[in-house]
Amino acid sequence: FRDLPVRPKLLLLSLTSTTAALILASISFLTWDMLRFRNEVRDDLATHAYVRAENSGAALEFNDERVASEILGVLKLRPTVEMGCLYHLEGAVFSSYRADPARRCPGQPADGSFFGWSAIEMVAPVEVNEKRVGTLYIRRGLGDLYERLRVGAATVFGLLVLATGA
């Protein structure tokens with residue numbers, strides 16, 4: 001590096017700083033996009049969970065497993081939803097939808113949302129006349145989040161190659 005003329009040194013320094021800035025900006029953008037998408041997924045799943053919980057109250061109250069199965073069966077329209085479980089107040093599974101029949105509903109979880117590496121879990125109370133009659137659990141896979149990250153990273157890599165190769 002010491003024996004190079006000034007012009008290539010300036011070009012190399014400029015290219016290095018530009019590449020570093022592009023990498024930092026790209027990482028920041030991808031991080032922001034993943035956090036925003038994650039929040040959208042959580043909000044969307046919460047909305048679906050509370051609507052299903054609201055609709056499931058009468059089925060639990062009147063012990064109508066057929067109606068409960070129909071309510072949870074709507075979840076199959078969402079390919080990312082892995083399972084939905086409806087629990088009695090005592091914690092026993094009343095009805096369920098499972099994309100993979102080999103999977104079992106977990107023990108009755110606490111209310112709220114829980115993000116893991118492979119899925120988000122949403123738990124909502126089922127109420128009738130402001131009295132809790134059960135719990136609804138929905139698990140959604142995060143494959144689309146990782147696919148979005150892969151596409152974003154490939155796009156950033158392609159842009160970096162174009163920007164540094166020009």
Side-chain angles (χ1 to χ4, degrees), residues 22-161:
L22 283 172
I23 289 172
L24 287 174
S26 298
I27 289 171
S28 298
F29 174 75
L30 286 175
T31 302
W32 170 81
D33 187 52
M34 288 298 103
L35 291 173
R36 186 178 58 82
F37 187 70
R38 182 182 147 148
N39 287 336
E40 287 175 7
V41 164
R42 186 193 63 232
D43 293 346
D44 180 60
L45 191 60
T47 300
H48 282 282
Y50 287 109
V51 168
R52 300 284 158 255
E54 185 72 28
N55 293 339
S56 300
L60 271 171
E61 189 78 6
F62 295 110
N63 211 24
D64 191 340
E65 194 172 339
R66 183 188 61 78
V67 172
S69 293
E70 288 175 5
I71 291 168
L72 292 179
V74 172
L75 294 173
K76 69 181 164 199
L77 298 174
R78 315 268 320 215
T80 56
V81 172
E82 297 173 354
M83 77 171 54
C85 306
L86 191 58
Y87 299 89
H88 280 289
L89 195 55
E90 304 82 36
V93 175
F94 177 64
S95 183
S96 66
Y97 158 75
R98 297 181 310 260
D100 177 4
R103 295 188 81 167
R104 298 186 148 271
C105 290
Q108 185 175 359
D111 291 353
S113 63
F114 311 95
F115 259 99
W117 286 104
S118 63
I120 177 175
E121 299 173 344
M122 183 68 60
V123 182
V126 178
E127 297 177 342
V128 174
N129 297 327
E130 298 181 19
K131 177 185 164 223
R132 188 171 188 146
V133 294
T135 303
L136 176 70
Y137 166 87
I138 299 178
R139 178 183 169 95
R140 179 200 190 280
L142 296 175
D144 56 337
L145 180 116
Y146 292 115
E147 180 60 27
R148 186 177 180 131
L149 181 60
R150 279 190 291 277
V151 168
T155 302
V156 164
F157 180 73
L159 291 173
L160 282 173
V161 168

Quiz item: Which residues satisfy the salt bridge (Lys or Arg N to Asp or Glu O under 4.0 Å) test with D44, sequence neighbours excluded?
Solution: R78
Quiz item: Quick one: ring pair (Phe, Tyr, Trp, His ring centres under 6.0 Å) pairs with a partner in residues 57-97, sequence neighbours left out?
Solution: H88-F94
Practice problem: Inspect the surroundings of CG in N129 and state if more than 12 heavy atoms from other residues, nucleotides or ligands are less than 6.0 Å away. | Solution: no
Self-check item: Verdict with reasoning, L72 to L136, per side chain to side chain contact (heavy atoms under 4.5 Å, CB included)
Solution: CA-CA 10 Å; L72 292 179; L136 176 70; 3.5 Å; yes
Self-check item: Nearest-0.5 Å distance that lies between atom OG1 in T135 and atom CG in L86
Solution: 8.5 Å
Quiz item: Hey, does M83 have a side-chain heavy atom less than 4.5 Å from the side chain of Y137?
Solution: yes
Practice problem: Name all pairs fulfilling the salt bridge (Lys or Arg N to Asp or Glu O under 4.0 Å) condition that reach into residues 47-62, sequence neighbours left out, sorted by first residue then second. | Solution: none
Quiz item: Who pairs with D43 by side chain to side chain donor-acceptor pair (under 3.5 Å), at least two apart in sequence or on another chain?
Solution: none
Quiz prompt | Contacts of E70 that satisfy side chain to side chain donor-acceptor pair (under 3.5 Å) - sequence neighbours left out | solution = R66
Quiz item: Listed by chain and number, what are the side chain to side chain donor-acceptor pair (under 3.5 Å) partners of R36, not counting sequence neighbours?
Solution: D33, E40
Quiz item: Hey, mind stepping through L159 and L22 against side chain to side chain contact (heavy atoms under 4.5 Å, CB included) and telling me if it holds?
Solution: CA-CA 9 Å; L159 291 173; L22 283 172; over 6 Å; no
Quiz prompt | I27: side-chain contact (heavy atoms from CB on, under 4.5 Å) partners, not counting sequence neighbours | solution = I23, T31
Quiz item: For residues 25-50, which residue pairs qualify under ring pair (Phe, Tyr, Trp, His ring centres under 6.0 Å), counting only residues two or more places apart or in two chains?
Solution: F29-W32
Quiz item: With a cut-off of 6.0 Å (strictly less than), are more than 12 heavy atoms of other residues, nucleotides or ligands near CZ of F157?
Solution: no
Exercise. Would you mind listing every salt bridge (Lys or Arg N to Asp or Glu O under 4.0 Å) that reaches into residues 106-122, with sequence neighbours excluded?
Key: D111-R132, E121-R139
Quiz item: Closest approach of V126 and S56, non-hydrogen atoms and distance?
Solution: CG1-C, 3.9 Å
Quiz item: Which pairs count as salt bridge (Lys or Arg N to Asp or Glu O under 4.0 Å) when at least one residue sits in residues 89-110, sequence neighbours excluded?
Solution: E82-R103
Quiz item: What heavy-atom pair brings R150 and G143 nearest, and what distance separates the two atoms?
Solution: NH2-O, 4.4 Å
Exercise. Quick one: list whatever passes side chain to side chain donor-acceptor pair (under 3.5 Å) with S95, sequence neighbours left out.
Key: S69
Practice problem: Could you name each residue pair satisfying disulfide (SG to SG under 2.5 Å) that touches residues 104-149, not counting sequence neighbours? | Solution: C85-C105
